[in-house]
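Counting starts at 1 for both ligands and their atoms, following the listed order.
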Amino acid sequence: MRTSIKGLLCLSIALSAGMSLAQTRLRAWNIHPDGYPVTEAMKSFAAEVAKTTQGKYQIGIFSNATLGDQPKAVQMLKAGEIDIAEFSSGPLSDAVPGIKVLNLPFLFTDSAHMFRHLDGKLGQRFAASLKAAGFVVLGWYDGGARSFYCASRTVTNVRELAGANIRVQQSEIYTEMVKLLNARPVALPYKDVLDGLQQGKIDCAENNMPSYESTGHYKVAKNVFVTNHVISPEALVVSTQLWSKLGQEEQAAFSAAGARSALLMRELWNKRVALALEVTAGQGVQFVKVKDTSSMIRRMSPLYDRYMKDPTTRQELLSIIPQ
Ligand code: BDP
């Protein structure tokens, strides 16, 4: 009798050990809500990984930045405290200076131009810099085209942004860009922007149209100054800690799922841009398109100069900007 109880206990210990070996739960950080292209693409990534690893990897997606704001999550992923995340290239480039050029204003003419580079040799170089810093890129997502929008002023000319308090991502290059427009950068976490606009703490913010719509910023800031000043990617990344624990076949499964999720994201993105424009225009948002970007580009010249002089970014810039 005693032996059989011991046997049963051993069996149950072995089973639970077996279970935990058979299933690994991973945490994925995401800033966006359900239904947003990033979230939906991450879900499809998680489902494909679970399927191709026969259920071994179960990825839980923690949306709406519930695990912390983006700069914090970038550090958490680097430290291996979270396993997977989808980051915008702004906060990511503060941790990985080699990818800084990706946020330079007016670098890419549109997403197609950007992905021609990212899906080629340049994307591999950026991925290598990211990997060396703790971030393994599994897919380049579309960060869209960012424009300014204001609650308290209509902007028809770049000069009219002067003196405005403009919310920026907590990222160096955005802060500098706004200063070069003679405006005041106010670094705020994404989730606090709506409040900031409502309370009058900020006059304007800048983002792509799907974010402008999904956050409800358009309900307060109804004047969009269409500049498309930054066209940049986002990245689905896993920590190098997780990556090094994966076997070769598993790495291949994660990579394939990441690449497929990126294609899905880009498709969903284009639809969502159109929807966001339709929804916001239907709610009385006024769009004023910048007439000539050259004066804005001229103001950015200290940024371009700096990146051309910096050996970590010069080569990348030269590859993107045709000589
Ligand atoms: C959105 C990006 C998100 C950024 C956010 C922001 O997808 O990663 O955190 O902008 O402006 O477009 O903070």
- Query: Tell me, which pairs form a side-chain hydrogen bond (donor to acceptor under 3.5 Å, both in side chains) where one or both residues lie in residues 34-49, sequence neighbours left out?
  - Reply: Asn30-Thr39, Asp34-Lys43, Tyr36-Ser211, Glu40-Lys43, Glu48-Arg260
- All pairs passing ring-ring contact (aromatic ring centres under 6.0 Å, His included) where residues 73-93 contributes a residue, at least two apart: Trp29-Phe87
- Message: Please report whether the ring centroid of Tyr174 lies less than 6.0 Å from that of His229.
- Response: no
- Message: Show the nearest heavy-atom pair for residues Arg27 and Met76, with the distance to one decimal.
- Response: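 In terms of heavy atoms, the two residues are closest at NH2-CE, 4.4 Å.
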Provide, line by line, the atom pairs where ligand 1 and the protein bring an N/O atom each to a distance under 3.5 Å; else say none.
from: ligand 1; atom 1: 7 (O); to: His32; atom 2: NE2; distance (Å): 2.8
from: ligand 1; atom 1: 7 (O); to: Glu234; atom 2: OE1; distance (Å): 3.3
from: ligand 1; atom 1: 7 (O); to: Glu234; atom 2: OE2; distance (Å): 2.6
from: ligand 1; atom 1: 8 (O); to: Gln70; atom 2: NE2; distance (Å): 3.0
from: ligand 1; atom 1: 9 (O); to: Gln70; atom 2: NE2; distance (Å): 2.8
from: ligand 1; atom 1: 10 (O); to: Arg146; atom 2: NH1; distance (Å): 3.3
from: ligand 1; atom 1: 10 (O); to: Asn207; atom 2: OD1; distance (Å): 3.4
from: ligand 1; atom 1: 10 (O); to: Asn207; atom 2: ND2; distance (Å): 3.1
from: ligand 1; atom 1: 11 (O); to: Arg146; atom 2: NH2; distance (Å): 2.8
from: ligand 1; atom 1: 11 (O); to: Arg167; atom 2: NH1; distance (Å): 2.7
from: ligand 1; atom 1: 11 (O); to: Asn207; atom 2: ND2; distance (Å): 3.0
from: ligand 1; atom 1: 12 (O); to: Asn207; atom 2: OD1; distance (Å): 2.7
from: ligand 1; atom 1: 12 (O); to: Asn208; atom 2: ND2; distance (Å): 3.0
from: ligand 1; atom 1: 12 (O); to: Ser211; atom 2: OG; distance (Å): 3.0
from: ligand 1; atom 1: 13 (O); to: Arg167; atom 2: NH1; distance (Å): 3.3
from: ligand 1; atom 1: 13 (O); to: Arg167; atom 2: NH2; distance (Å): 2.9

- Message: Are the side chains of Phe115 and Trp140 in contact, using a 4.5 Å heavy-atom criterion?
- Response: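 Touching, per the 4.5 Å side-chain cut-off.
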- Which pairs with one or both residues in residues 78-182 pass disulfide bond (SG atoms under 2.5 Å apart), sequence neighbours excluded? Cys150-Cys204
